[in-house]
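Have a look at the structure below before the remarks.
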Amino acid sequence: MSARAASRGASQGASGRAAAFDAAAPWAFVLLWSTGWIVARYSAAYADPLTFLAVRFAGALAAMGAIALATRAAWPRRPAAIGHALLSGALIHATYLGGVWTAVRHGLPASISALLAATQPLATAALAPRLLGERMGGRAKAGVALGFAGLLAVLWPQLSRLGAGELRGALGAVAINLAGMAAVTAGAFHQKRYLASGDLRAIATLQYVGALAVMAPAAALLEPMRIEWNATMVAVLAWSVLALSVGAIALMLLLIRHGAVTRQAQLIFLVPPTAALQAWLLFGERLTPLQVAGMAATAGGVALAT
């Protein structure tokens, strides 16, 4: 075999592997990301939510820092760039996950929490014209309207049958979850504007520094910092750090590197039904036909808006 033929064969093999990755990675990302609500539900019985997240961020910081150092990532040198990475981490990781986990801890079903969080692309699409000057076409507007209508359909059956006291508690959990969604939306805008370049391995590590700097004091101030160490807690923590904070984020970065970021963004609407199926299998959470239809409408709205 000539050197040219060998080179051509190697190039075709690499191209085939890249195509296989682009086909499989988005689905793996959706499956991994949807388990975040399942581990939130599992950990609720054994740990305070903010305390657990503080430990998770510490583990993720150690893992991502080791990866960045081992692969000789290029660290930002300007103080402003470091500050932007820290702030985006505080918004995207600490405030967002803090809201989601606290809402689940206070009784919000994992399937509904996942749906609330997955409406982040709708909020981004609705705010982009005003904050970034981007135009929103008719399809995107229809997607935003359809998505929020579906969200109301999902929430209504659960809220309509509650008493006044229970309704206040449920609305409080929904508000906390929505606050987390607002935080990740703000973090996405901040990252789009100030972190458009730079080594993503270093940026991800600094983001976990920012997340831990917010979450550790919050846990100390707001919670008794209870963690009951047992086999379930160790397994949940290991999955949270390795599969979610490292694995899912690494998949996201690789998708961006391979040019599949658009497909990954569009597949975000598959996270709520995937989380709902897992919650039904593991915890017996059920959705009414109206809620299933609303979830489908929200998924379609997110697909249109993105």
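Computation of the quantities below employed the complete heavy-atom set of this structure, encompassing side-chain atoms and omitting hydrogens, waters and symmetry-equivalent molecules. Computed from a prediction, not measured in an experiment: that's the story for all the values here. Count residues from 1 along the sequence.
Put simply, the side chain of Tyr194 does not reach to within 4.5 Å of the side chain of Ser88, judged on heavy atoms. Counting heavy atoms from C-beta on, the side chains of Pro224 and Asp48 come closer than 4.5 Å. By the 4.5 Å heavy-atom criterion applied to side chains, Met215 and His93 are not counted as neighbours. Between Ile92 and Gln207 there is a side-chain heavy-atom pair separated by less than 4.5 Å. Counting heavy atoms from C-beta on, the side chains of Ile227 and Met233 come closer than 4.5 Å.
In terms of modelled atom types and a separation under 3.5 Å, the side chain of Ser34 and the main chain of Leu31 share a donor-acceptor contact. Ser113 places no side-chain N or O within 3.5 Å of a backbone atom of Leu108 that could act as its donor or acceptor partner.
Relative ring orientation between Tyr208 and Phe57 is described as tilted, the plane-to-plane angle lying within the 30° to 60° band.
In terms of heavy atoms, Trp33 sits closest to Ala248 at CE3-CB, 3.6 Å. Looking at every heavy atom in both residues, Ala110 comes nearest to Glu285 through N-OE2, 3.1 Å. Among all heavy-atom pairs drawn from Ala73 and Ala202, the shortest one is CB-N, 4.2 Å. Nearest heavy atom pair, residue Ser245 against residue Ala60, reads CB-CB, 3.5 Å. Of all the heavy atoms in Arg105 and Ala47, the pair that sits closest is NE-O, 4.4 Å. The shortest non-hydrogen separation linking Ser43 to Trp101 is OG-CZ3, 3.0 Å.
For the 3.5 Å distance criterion, the side chains of Gln278 and Thr35 fail to qualify, holding no donor opposite an acceptor.
By the side-chain contact (heavy atoms from CB on, under 4.5 Å) test, Val241 is found to be paired with Arg56, Leu237, residues two or more places apart in sequence or in another chain being considered. Checked against ring-ring contact (aromatic ring centres under 6.0 Å, His included), Tyr46 has no partners two or more places apart in sequence or in another chain.
With rounding to the nearest 0.5 Å, the separation of NE2 in His106 from CG in Asn177 is 12.5 Å. The line from CG of Leu206 to CG of Asp199 is 10.0 Å long, rounded to the nearest 0.5 Å. Residue Leu69 holds its CG atom at 7.5 Å from OG1 of Thr205, rounded to the nearest 0.5 Å. Here the CG-CD distance, from Leu53 to Glu223, works out to 8.5 Å after rounding to the nearest 0.5 Å. Taking OG of Ser240 as the reference point, atom CD1 of Ile38 lies at 11.5 Å (rounded to 0.5 Å). To the nearest 0.5 Å, atoms CH2 (Trp75) and CZ (Arg201) are separated by 9.5 Å.
One hydrophobic cluster, built from ILVMFWY side chains closer than 4.5 Å, holds both Val39 and Val100. Under the 4.5 Å side-chain heavy-atom criterion for grouping Ile, Leu, Val, Met, Phe, Trp and Tyr, Leu244 is connected to Leu282 within one hydrophobic cluster. Both Met64 and Val209 belong to a single network of hydrophobic side chains, linked directly or stepwise wherever heavy atoms of I, L, V, M, F, W or Y lie under 4.5 Å apart. Tracing side-chain contacts under 4.5 Å through hydrophobic residues (I, L, V, M, F, W, Y), one reaches Tyr42 starting from Trp229; they form part of the same cluster. Hydrophobic clustering keeps Val214 apart from Ile176 (ILVMFWY residues linked when any side-chain heavy atoms are closer than 4.5 Å, directly or through intermediates).
Open room surrounds CZ on Arg77; 12 or fewer heavy atoms of other groups in view lie less than 6.0 Å from it.
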Practice task
Take Leu32 and Trp239, measure what side-chain contact (heavy atoms from CB on, under 4.5 Å) needs, and give me the verdict at the end.
Solution key: CA-CA 10 Å; Leu32 283 177; Trp239 181 266; 3.7 Å; yes
